Amino acid sequence: MVQQSISIIRVPFGLGAGRPGSENGPDSMMKFGLVKKLEGLGYDVRADYNIRLPEGIKSPPGSKMKHIEEVLAIAALLGEAVYESVEDGHIPLVLGGDHSIAMGSLAGLNRHYSNMGVIWVDAHSDLNTELTSPSGNMHGISLAVGLGLSHIKLKQIAEGAVPLKAENCVIIGARDLDRDEKAMIRSSGMTCYTMHEIDRLGIEKVVQEALRIAGNGTDGVHLSFDIDSVDPIEAPGTGTPVRGGLSYREAHLLLELMSESGRITSADFVEVNPLLDRNNQTSKLAVEFIGSLFGSRIL
Ligand SMILES: NC(=[NH2+])NCCC[C@H](N)C(=O)O
Ligand SMILES: [Mn+2]
Ligand SMILES: [Mn+2]
């Protein structure tokens, strides 16, 4: 990380997911010592943003994509908060909430950075569009929105935001891709390290390559970390778990390497669902992982 002050942005919003609970993620991560952990690592921590849905926003029933108005309202408010905090010189740390909120992070950051790279750590690719989504859940389209592949554009969320360049985007940890998402990955020119590549190359090589690709010629690198990238044995508290994910150590090493690189300029931690968790294992794990991203080490 390049700066010394972190702005925690809580987004207690879960309507982009198919099942409730991720709206409790931010409070749960805060409860399990996130601020203390970051302060212990030497950061000045502020947690003054809490992004809530304004009253009266409700999508009309019957549309294919569910809760689209709510998702867009949250994204606009989050975009403002992220932009403000990065302009003020803080590192934005966005706590979800479901992964649809990443649209807001990407849009807001895009107003500050002129050419941003993105590393998307996820069991999924979130590259459906409103035309291809099998579920109608908005958390499955957020990266597509970032890349300008959806009808929803970043510039409707934050004025002046331009789409990400696919060649600066990298997915790590994918193992559950819908048919049209696979085609999208192939045709878009982005890089996707599925679990297969992680098995073959090792997580260290994959992360070094990802940092090189997302960092090449870019003026910022955003990490969007979906906790379902991690194996459900370690992270059961999430709405769309998929077996065969990152091990506990692989996830830590990934974040330690990102920290060491000094290239990550903002992050989302999303899809922690305390309602589905076992003894708060997943919330506690997320706090540990955020620690690794911000410099916590074994020795
Ligand atoms: N952020 C997530 N957990 N996304 C899960 C997406 C699952 C599936 N691909 C869909 O479009 O509905
Ligand atoms: Mn996701
Ligand atoms: Mn996911």
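One-based numbering, in listed order, for ligands and for the atoms of each. The shown structure was predicted, so the numbers you read here are calculated from the model rather than taken from an experiment.
- Under the 6.0 Å cut-off for aromatic ring centres, Phe269 and Phe289 do not qualify, their centroids lying 6.0 Å or more apart.
- Ring-plane geometry between Trp120 and His99 is classed as parallel, the angle between the planes falling under 30 degrees on a 0 to 90 degree scale with a further cut at 60.
- The count of protein N, O or S atoms under 2.8 Å from the Mn ion (ligand 3) stands at 5, with waters excluded from the count.
- Electrostatic pairing of Asp44 and Arg46 counts as a salt bridge here, judged by a charged N lying under 4.0 Å from a carboxylate O.
- For Ile233, the CD1 atom sits in a loose shell: 12 or fewer heavy atoms of surrounding residues, nucleotides or ligands are nearer than 6.0 Å.
- Applying the 6.0 Å contact sphere to CG of Asp48 captures more than 12 heavy atoms from other residues, nucleotides or ligands.
- For His112, the ring-ring contact (aromatic ring centres under 6.0 Å, His included) test picks out no residue, with sequence neighbours left out.
- A salt bridge is absent between Lys36 and Glu39; no separation between the charged side-chain nitrogens and carboxylate oxygens falls under 4.0 Å.
- Pairs of residues two or more places apart, or lying in two chains, that qualify as salt bridge (charged side-chain N to carboxylate O under 4.0 Å, His left out) and include a residue from residues 60-81 are Glu80-Arg111.
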Dump the pairs for me: ligand 1 N or O, protein N or O, distance under 3.5 Å, to 0.1 Å.
{"unit_1": "ligand 1", "atom_1": "1 (N)", "unit_2": "Asp126", "atom_2": "OD1", "d": "3.4"}
{"unit_1": "ligand 1", "atom_1": "1 (N)", "unit_2": "Asp126", "atom_2": "OD2", "d": "3.1"}
{"unit_1": "ligand 1", "atom_1": "1 (N)", "unit_2": "His139", "atom_2": "O", "d": "3.4"}
{"unit_1": "ligand 1", "atom_1": "1 (N)", "unit_2": "Asp226", "atom_2": "OD2", "d": "3.2"}
{"unit_1": "ligand 1", "atom_1": "1 (N)", "unit_2": "Glu271", "atom_2": "OE2", "d": "3.4"}
{"unit_1": "ligand 1", "atom_1": "3 (N)", "unit_2": "Asp226", "atom_2": "OD2", "d": "3.4"}
{"unit_1": "ligand 1", "atom_1": "3 (N)", "unit_2": "Asp228", "atom_2": "OD2", "d": "3.1"}
{"unit_1": "ligand 1", "atom_1": "3 (N)", "unit_2": "Thr240", "atom_2": "OG1", "d": "3.0"}
{"unit_1": "ligand 1", "atom_1": "4 (N)", "unit_2": "Asp126", "atom_2": "OD1", "d": "2.9"}
{"unit_1": "ligand 1", "atom_1": "9 (N)", "unit_2": "Asp178", "atom_2": "OD2", "d": "2.7"}
{"unit_1": "ligand 1", "atom_1": "11 (O)", "unit_2": "Asn128", "atom_2": "ND2", "d": "2.9"}
{"unit_1": "ligand 1", "atom_1": "12 (O)", "unit_2": "Ser135", "atom_2": "OG", "d": "2.4"}

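- Summarising the local packing, CZ of Arg200 is surrounded by 12 or fewer heavy atoms from other residues, nucleotides or ligands at distances under 6.0 Å.
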